[in-house]
Number of protein chains: 2
Amino acid sequence: MDQVKQFNDYLNRKGLKTTSQRMIILETFLESDSHYSTEDLYLKLRAEYPKIGYATVHRTLKLFAECGIAAERNFGDGQTRFEPIDAEGHHDHLVCTECGLIIEFEEPQIEELQKTAAAAHKFTIESHRLELYGRCAACVAAGD
Amino acid sequence: MDQVKQFNDYLNRKGLKTTSQRMIILETFLESDSHYSTEDLYLKLRAEYPKIGYATVHRTLKLFAECGIAAERNFGDGQTRFEPIDAEGHHDHLVCTECGLIIEFEEPQIEELQKTAAAAHKFTIESHRLELYGRCAACVAAGD
DNA sequence: TAGTTTATGAAAATCGTTTTCAATATCTCA
DNA sequence: TGAGATATTGAAAACGATTTTCATAAACTA
Ligand SMILES: [Mn+2]
Ligand SMILES: [Mn+2]
Ligand SMILES: [Zn+2]
Ligand SMILES: [Zn+2]
């Protein structure tokens, strides 16, 4: 489903209101494919819309996550990041600890084995996180 | 290697000192197998050693992680947790989002596939985290 | 042991995040 | 439409986990 529609449906369902700030934040969020912290997106927005406050950006990102159009990520640097969830579906991450580069990957076999492992403990999976930390090719090539 | 020895070696190597607090904290940390936050361990220690300060507990847990006898974990509840690294080697976690139960598991096939995925992106893995979130058997049985 | 260095504990500072609150915008329906 | 009801906003304050500061205490060195 269209992400804008999904967000608006959610607002209606919850009795929340459509505001210009929410629409601007949504548009800016969707038109990029990076992993934004609240701070990141706030700074990007501020250039064009200096009136939008930090708290509004943060609250809106949480709304995106609640309604399922954004995924909340945490790569261990103490900042929560958000990324749009698109039609391409689930992916996991390679995180370069040197330059911060984030590479996305999919590995269906790992997903299957996770189900097996959970089943062995009679555990019902709702979500998972898998991140591989290390050094990207560029950082390795650049030496120590 | 013995964990106490490993810690003492680290202290020596770095020119740090062996203190009674460090030894008490180490002993208490090792004799349990749970996933401690600083707060958890501080409270447990306080019962027997009320003079030990929170900051010392926290600094000491960081030292354990630095010297390789503890692993730092984060299960998404905003608290960093520490667990002893024992001879049994690496494991990942199932985390019950309802009761907080943590189940440990090992899945060598997943570890292998991680290497494959990283190699496909010429990425050098240094560490990884894999957590499966959901509901444990007891919580599922207890119903919604 | 005296001298040097590091550790400690309490309190303050930090940092990302969340909440508060008075002012403003949106929505409802007469 | 437009008044009243309800939700939202932005700035600032509060929050909570973690980290730092600093004066005193302890450990190590020679
Ligand atoms: Mn991603
Ligand atoms: Mn564990
Ligand atoms: Zn890199
Ligand atoms: Zn449970």
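Letters go in sequence order (proteins before strands), and every chain restarts at 1.
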In terms of the nearest nucleotide of DNA chain D, which residue is placed more toward the 5' end: B:Tyr54 or B:Gln21? B:Tyr54

Look at all strands and tell whether A:Glu39 reaches a base, only sugar-phosphate, or nothing, counting heavy atoms closer than 4.0 Å. nothing

Looking at A:Glu31, I want to see if its CD is surrounded by more than 12 non-hydrogen atoms of other residues, nucleotides or ligands under 6.0 Å. yes

Base, sugar-phosphate alone, or nothing: which one does A:Lys62 contact when heavy atoms must sit under 4.0 Å apart? sugar-phosphate

I'd like to know if B:Lys51 reaches the base of C:dT8 with its side chain, counting only an N/O donor and acceptor under 3.5 Å. no

Checking all strands, does B:Ser37 fall into the base, sugar-phosphate, or nothing category for heavy-atom contacts under 4.0 angstrom? nothing

Side chain of A:Arg59 - closest among C:dG16, C:dA10, C:dT19: C:dT19

Quick one: is B:Thr18 getting a side-chain N or O under 4.0 Å of the D:dC28 phosphate, OP1 or OP2? yes

Base, sugar-phosphate alone, or nothing: which one does B:Arg22 contact when heavy atoms must sit under 4.0 Å apart? sugar-phosphate

Please report, rounded to the nearest Å, how far the P atom of C:dC15 is from the CG atom of A:Asp77. 14 Å

Linked, directly or transitively: B:Ile85 and B:Phe64 (ILVMFWY side chains, under 4.5 Å): no

Taking the side chain of A:His58 as its heavy atoms from C-beta onward, which of D:dA11, C:dT17, D:dT8 lies nearest to it? C:dT17

Between D:dT8, D:dA26, C:dA11, which nucleotide gets closest to the side-chain atoms of B:Lys17? D:dA26

Where the side chain of B:Leu16 is concerned, which of C:dT17, C:dA7, D:dT8 is the nearest nucleotide? C:dA7

Counting only side-chain nitrogens and oxygens, does A:Thr19 get under 4.0 Å of the OP1 or OP2 atom of D:dT8? no

Rounding to a whole Å, what distance do you find between A:Met23:CE and D:dT9:C1'? 15 Å

Tell me the closest heavy-atom pair linking A:Phe29 and A:Tyr36, and the distance in Å. CD1-CD1, 4.1 Å

Quick one, B:Phe123 with A:Val140, criterion side-chain contact (heavy atoms from CB on, under 4.5 Å). Give me CA distance, side-chain angles, the key distance, then yes/no. CA-CA 8 Å; B:Phe123 190 93; A:Val140 170; over 6 Å; no

